[in-house]
Protein chains: 2
Amino acid sequence: MASINDVAKAAGVSKSTVSRIINDSPAISDETRQKVLKVMKELNYVPNSLARGLSNQQAFTVALLINIKDVKSFSNPFFYEVMHGIETVVYSRGLCMITANLENTLKQNEILNWLIYGKRTQGVILPSSIMNNQLVRELKKIRFPFVTIGEPEGIKEPIDWVDINNFQGGMQALEHMISQGYKRIAYIGGEQVKTFNKKRLSGYKAALENNGIEYKPEYVCEGAATKDEGYKLMKQLIKLPQPPDAVICGDNVLSIGAMKAINEAKLNIPKDIGILSFDNMPIADLVEPSLTTVDIDVFEMGVQAANILFKIIDNPEARQQQSMISTCIKMRESTCRE
Amino acid sequence: MASINDVAKAAGVSKSTVSRIINDSPAISDETRQKVLKVMKELNYVPNSLARGLSNQQAFTVALLINIKDVKSFSNPFFYEVMHGIETVVYSRGLCMITANLENTLKQNEILNWLIYGKRTQGVILPSSIMNNQLVRELKKIRFPFVTIGEPEGIKEPIDWVDINNFQGGMQALEHMISQGYKRIAYIGGEQVKTFNKKRLSGYKAALENNGIEYKPEYVCEGAATKDEGYKLMKQLIKLPQPPDAVICGDNVLSIGAMKAINEAKLNIPKDIGILSFDNMPIADLVEPSLTTVDIDVFEMGVQAANILFKIIDNPEARQQQSMISTCIKMRESTCRE
DNA sequence: TTATTTTATGCAACCAGTTTCATAAAATTG
DNA sequence: CAATTTTATGAAACTGGTTGCATAAAATAA
């Protein structure tokens, strides 16, 4: 395959001239430019990106690191959408994107070393779940651009991250229920060890207070994201002396279980009990009745993550930025009382 | 950041020596090796992968190209599983993986040029949907290693691909129904423009013949992968003078629609009508009754794609290989007659 | 017409590695 | 102990680009 030298020789110019043409330098006469471009086309010349990267001290590549555990625990197109959002921005900038799974074969440190110290990438987007103060210190020390997906916990220094506004989502969920005329609104949350679940519940509580509704601990429960758990918890709620007339579930799968319990109790959705779920997975449209959800725009989260990363790459002095993506209610049959 | 020269200087050796140590050359005394390794650690030295790639004439990188339209049309963790399988192999080999979406911003040719002629990658895994004879010819001409995910159509020369054995899946589906005692087994297939749907249907037909069952055209229909379509087609099947007592659906979403129609007709699943679906998505476990499926191992498909790619990279003369991944039945309640 | 500025291009060094070949030192052989 | 082989290392060329500096030619100014 043709190199810059072959092009230079064939066109009767020096390789500096060819290089200048590749890089759209203005100091080249039109005549020479046309001549060289013609030769480039003839020889099917494409600059070697490794050589370019070496000269330019930049790899024209960013990395997206993921944690397969996170991805699997979502079991929805969540991850792919984030990736797609990032990709859209990265490729439109003319860079490319390396993806790596941190749980794969190599140890975390090896991968980081390799991608970062090996100069293979100019920046990295990584999951908040792997962040810790030591890693932050290290990355900051070598001034390596990074953005986390999700707000990391327990990090002392300000860093760049993007996240879904889960607190807002929790508030919107409750307020939607109120607007549909529900009065006794229960909450079956996901595991509270996860930050996003905590945030969602806080949003729910805050909205209760804003609306002057008393917080009832017996209306709030927590479970793993399984159908069985949703079923079991919903059954308990129905058995209460004063059962709820609406329930917000932390997850589509929990909702499916809860719906089963409601159906078994011969109660009608949405008449007797309204139900709403976080996360807008394809399944929400498939169940009977279809499920009202809090939609999270993870594509947009990816776009913003990439944009922030490029901001840092372009200007290492840029102030850190935390970006929250708004949620919105996708109303379907399960909360439609009319 | 430290370069090979810094290490050489600090250790009082030449950079050739350092290079030999990086590459585990045996012609280095233990004494020198230890000394240099110590310096490397002290300086936190990691070889520059661009420079290595340039010298070695290999990028230590492969590309995974995807077609966002394909991915979206599956609307299941299908794609991510393939990617994860590929990634596992790639990283265990010490290479890294670039992902690019062919529908993104840049034109297809630009991306290919860039990744292939730009020497950025040593091989590429791509969707069969974008293959055509011209592209095959081009890649073969420059002897660039590639493997397609899915069997491509209309390609004249033998090439390497991996696919799910959809024909086998179709046979297994029918034979499972027979083994459960169902007699009149209908088939609601996905759109027949897609090869994998055609293969599945052929498998169904072949198994009919193998089992001496007459093929009834009125039992076979085709629809887009939507709930409404499944509902509509199932309703028609139920209205037949001699309705089927079992149905195989080409897709989980079609099945959901079909189940709705069966429920509305006050028929019992699996007693009156058995139902089975291709693709084992999370939803199969969530519906009532849970859905028997033909499971496809897309992770394994990714693993094999990567293995084949490396076989070609290691030995460009290797004979082309087509690899089919077996399907298997995941039995659940929807076909359980006992 | 000469002096000065501008424009276009080439030379050579550089990026950070790998590798061939030469060679000094050490080990083996006669 | 000298001759030969083996081993460990370095110098220099090479991978394919970019770029600062020098310079010849062209354009402008005096």
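No hydrogens, no waters, no symmetry mates; every other heavy atom, side chains included, goes into these values.
Side-chain to base pairing of A/S14 with C/dG10: no donor and acceptor N or O lie closer than 3.5 Å to each other. Residue-to-nucleotide contacts include a donor-acceptor pair under 3.5 Å from the side chain of A/R20 to the base of D/dG20. Taking only distance into account, the side chain of B/K15 never meets the base of D/dG10 through a donor-acceptor pair shorter than 3.5 Å. Not a single donor-acceptor contact under 3.5 angstrom links the side-chain atoms of B/S3 to the base of C/dC15. With hydrogens and angles ignored, a donor-acceptor pair closer than 3.5 Å exists between the side chain of A/S16 and the base of D/dT19.
Salt bridge status for A/R143 with A/E317: present, with a side-chain N to carboxylate O gap under 4.0 Å. Residues B/R33 and B/D24 are not paired through a salt bridge, judged by the lack of any N-O separation under 4.0 Å between the basic side chain and the carboxylate.
Atom pair B/K119:NZ and D/dT15:P shows a separation of 11 Å (rounding to whole Å applied). If you measure from atom CG of A/N56 to atom C1' of C/dC15, you get 10 Å, rounded to the nearest angstrom. Atoms CG (A/L43) and C1' (D/dG17) sit 16 Å apart, rounded to a whole Å. Per the geometry, CG belonging to A/N5 stands 8 Å off P belonging to D/dG17, to the nearest Å. To the nearest angstrom, P of C/dA16 lies 18 Å from CZ of A/R52. Going from atom CD of A/Q57 over to atom P of D/dG16 covers 19 Å, rounded to whole Å. Note: CG (A/L50) to C1' (D/dC14) measures 15 Å, nearest angstrom. Put simply, CD on A/Q58 is 11 Å from P on D/dT18, counting in whole angstrom units.
DNA chain D is contacted by both B/G12 and B/L54; B/G12 maps to the nucleotide lying nearer its 5′ end (nearest heavy atom per residue). Each of A/N23 and B/T32 was assigned the nucleotide of DNA chain D with the nearest heavy atom; the assignment lying further toward the 5' end belongs to B/T32.
Heavy atoms of A/V13 sit under 4.0 angstrom from primed sugar atoms or phosphate atoms, though from no base atom. Within the nucleic acid shown, A/T17 comes within 4.0 Å of sugar-phosphate atoms alone, with no base atom in reach, counting heavy atoms only.
Residue B/S19 has no polar side-chain atom (N or O) positioned under 4.0 Å from OP1 or OP2 of C/dT19. Residue A/Y45 places at least one side-chain N or O closer than 4.0 Å to OP1 or OP2 of D/dG17.
Contact of the B/N307 side chain with the B/V89 side chain is registered, since non-hydrogen atoms from C-beta on lie closer than 4.5 Å. Looking only at side-chain heavy atoms (C-beta outward), B/T99 and B/I66 stay at 4.5 Å or farther from each other.
When distances are taken from the side chain of B/I4 to each of C/dA16, C/dT9, D/dT9, the shortest belongs to C/dA16.
A distance-only check finds no donor-acceptor pair linking the side chain of B/N315 to the backbone of B/K311 [under 3.5 Å].
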